[in-house]
**Q** 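Here it is, the structure, as C-alpha cells.
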Number of protein chains: 2
Amino acid sequence: MQDPCQAREVLGIVGDKWALLIVRMLKDGPRRFTELKRSIDGISQRMLTVTLRDLERDGILTRTVRNVMPPHVSYELTTMGRTLREATAPLLDWSIEHLPHIDAARAAYDNR
Amino acid sequence: MQDPCQAREVLGIVGDKWALLIVRMLKDGPRRFTELKRSIDGISQRMLTVTLRDLERDGILTRTVRNVMPPHVSYELTTMGRTLREATAPLLDWSIEHLPHIDAARAAYDNR
DNA sequence: CTGAATCCTGTAAGATACTG
DNA sequence: CAGTATCTTACAGGATTCAG
C-alpha cells in the first residue's frame with residue numbers, strides 16, 4: 001500500500017455507491033437481475049445495469065444468459081470477486097462496531 | 001453485516017473520493033494541512049478542507065490549532081480512526097494483489 | 001499557513017418510456 | 001424478464017479570490 005495510485009484505483013470499485021452492496025448480495029451464490037433489484041433497496045434499474053456491467057468488466061462477477069423466453073440472466077462472483085468480498089469483511093465488521101460512535105460524534109459535533 | 005443500511009453508511013465514508021487517502025497519510029502520526037495537500041496528489045484546497053471537516057465530524061480525526069503566526073494546524077487520527085485504518089488494510093492488500101488482474105480483465109472485456 | 005466564500009462545470013444518477 | 005434510450009436535475013468538486 002505504498003502506491004497512492006493503486007489505492008485510488010481500488011477506491012473506484014470500493015467507493016462505488018452500489019458495487020459493494022451487489023457483491024454482498026452475491027456472497028451466497030448466483031442471483032438474477034430482478035432478484036438483485038428487489039433486494040437492494042433504492043437502486044434504480046439503470047444503476048443496477050450499469051454497476052453490474054462495470055463489475056463484470058473488472059472481472060468481479062460473471063453474467064450468464066440462458067436463452068429462453070422470458071430471458072433468464074444470472075450473476076455470480078468470480079474467484080476474484082469472492083476474495084474481494086472477503087477483503088471487505090473487516091470493514092463491514094468495523095462499521096457494525098463503530099457506527100453508533102460515529103453517529104454520536106456527529107451529534108456532538110453538530111451541537112456547536 | 002446483516003443490515004444493508006449500516007453497510008451504506010460506512011460506504012459514505014469509505015466511498016469518499018479522498019477520505020481514505022487522508023486516513024492513509026495520517027497513519028504514521030499527525031500531519032499539517034499543507035503537508036497533506038502536498039502528499040495527496042491532485043486534491044484541491046477546498047476538497048482537503050471539506051474532507052477533513054467531515055472526518056473530524058465523524059470522529060475519525062482531530063484538528064489541533066496552535067495559535068501562532070503563521071497558523072499551525074495539525075490533524076491526527078483518533079483511536080477510532082486508527083481502527084478504521086486497520087480495517088481497510090485487507091482491502092489495500094487485496095488491491096495490490098489483484099489490480100493487475102483487474103486491468104487484464106478490463107482489457108479483455110474491452111476487446112469485444 | 002490555513003482556511004472561507006463564490007462561481008461554474010461535468011457528471012452521476014433518478015424518472016420515465018420503450019423493446020426483444 | 002432484463003434490459004436500452006432519453007431526458008432532466010442535483011450535486012460534487014475544480015478554479016479562483018479574499019482573509020485572519
Side-chain angles (χ1 to χ4, degrees), chain A residues 4 7-9 11-23 25-26 29-58 60-77 109-110 112, chain B residues 4-5 7-23 25-26 29-58 60-76 109 112:
Chain A
R8 219 169 293 185
E9 262 201 76
L11 294 186
I13 300 173
V14 164
D16 187 276
K17 189 177 178 183
W18 303 108
L20 285 192
L21 295 175
I22 291 179
V23 169
M25 290 314 301
L26 293 178
R31 293 284 180 268
R32 300 180 55 179
F33 185 88
T34 307
E35 209 170 351
L36 290 171
K37 172 123 179 50
R38 268 200 320 269
S39 54
I40 300 176
D41 194 60
I43 195 169
S44 67
Q45 205 164 37
R46 191 184 112 85
M47 286 320 294
L48 181 55
T49 302
V50 168
T51 309
L52 285 170
R53 283 278 185 277
D54 289 345
L55 290 173
E56 185 194 2
R57 187 171 103 100
D58 288 345
I60 304 295
L61 53 78
T62 58
R63 176 172 182 270
T64 307
V65 182
R66 198 140 9 118
N67 244 337
V68 292
M69 214 34 186
H72 184 292
V73 181
S74 68
Y75 296 88
E76 183 170 16
L77 291 181
Y109 185 96
D110 292 343
R112 284 185 280 153
Chain B
C5 302
R8 219 166 295 184
E9 263 202 74
V10 212
L11 293 186
I13 299 174
V14 165
D16 187 277
K17 190 176 177 184
W18 303 108
L20 285 192
L21 294 175
I22 291 177
V23 168
M25 291 312 302
L26 294 178
R31 292 285 179 268
R32 299 182 54 180
F33 186 88
T34 306
E35 209 170 351
L36 290 171
K37 173 122 179 51
R38 268 201 319 269
S39 54
I40 300 176
D41 195 60
I43 195 170
S44 67
Q45 206 164 37
R46 189 184 114 86
M47 287 319 293
L48 181 54
T49 303
V50 168
T51 310
L52 285 170
R53 282 279 183 277
D54 289 344
L55 290 173
E56 185 194 3
R57 187 171 104 99
D58 288 345
I60 304 294
L61 53 77
T62 58
R63 176 172 183 270
T64 306
V65 182
R66 203 151 353 129
N67 244 339
V68 291
M69 214 32 187
H72 184 291
V73 181
S74 69
Y75 296 88
E76 184 170 16
Y109 184 95
R112 284 185 278 154

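This is a predicted model, so every value here is computed, not measured. All values below come from the heavy atoms of this structure, side chains included, with hydrogens, waters and symmetry mates left out. Throughout, protein chains are lettered first and strands after them, A, B, ... in sequence-line order, and every chain is numbered starting at 1.
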**Q** Between B:R63 and A:D16, which is nearer to the 5' end of DNA chain C once each is assigned its nearest nucleotide?
**A** B:R63
**Q** Between A:K17 (NZ) and C:dA13 (P), how many Å, whole number?
**A** 6 Å
**Q** Go through residues 46-53 of chain B and report each residue with a non-hydrogen atom lying under 4.0 Å from DNA chain C, sorted by number.
**A** B:R46, B:T49, B:R53
**Q** Between B:F33 and B:T49, is any pair of side-chain heavy atoms under 4.5 Å apart?
**A** yes
**Q** Please list, in 5' to 3' order, the outermost nucleotides of DNA chain D lying under 4.0 Å from any heavy atom of chain A.
**A** D:dC1 to D:dT6
**Q** Measuring from A:T62:OG1 to A:L77:CG, what's the distance to the nearest 0.5 Å?
**A** 8.0 Å
**Q** Need the bend value for the helix from C:dC1-D:dG20 to C:dG20-D:dC1: angle between end axes, 5 pairs each end, nearest 10°.
**A** 50°
**Q** Pair A:I22, A:L48 - check side-chain contact (heavy atoms from CB on, under 4.5 Å), show working.
**A** CA-CA 9 Å; A:I22 291 179; A:L48 181 55; 3.7 Å; yes
**Q** Without decimals, in angstroms, what is the distance between A:I40 CD1 and C:dA13 P?
**A** 14 Å
**Q** Any heavy-atom pair between the side chains of A:L36 and A:L52 that's under 4.5 Å?
**A** yes
**Q** Separation of B:Y75 atom OH from C:dT2 atom P, in whole Å?
**A** 8 Å
**Q** Check side chain to side chain contact (heavy atoms under 4.5 Å, CB included) between B:R63 and all other residues, then give those that pass, not counting sequence neighbours.
**A** B:R53, B:E56, B:V65, B:V73, B:Y75
**Q** Between C1' on C:dT2 and CD on B:E35, what's the gap in Å once rounded to a whole number?
**A** 14 Å
**Q** Can you find a pair of side-chain heavy atoms, one from A:Y109 and one from B:D58, that are under 4.5 Å apart?
**A** no
**Q** Output the distance between atom CG (B:D54) and atom CD1 (B:I13), rounded to the nearest 0.5 Å.
**A** 9.5 Å
**Q** How long is the straight-line distance from OG1 of B:T51 back to CH2 of B:W18, given to the nearest 0.5 Å?
**A** 8.5 Å
**Q** Between N or O atoms, less than 3.5 Å apart, protein on one side and nucleotides 17-20 of chain C on the other: list the pairs.
**A**
none

**Q** Under the salt bridge (Lys or Arg N to Asp or Glu O under 4.0 Å) rule, what pairs show up with a residue in residues 30-47 of chain A, not counting sequence neighbours?
**A** A:R31-A:E35
**Q** Check A:L21 against A:K17 and note the closest heavy-atom contact, atom names and distance.
**A** CD1-O, 3.9 Å
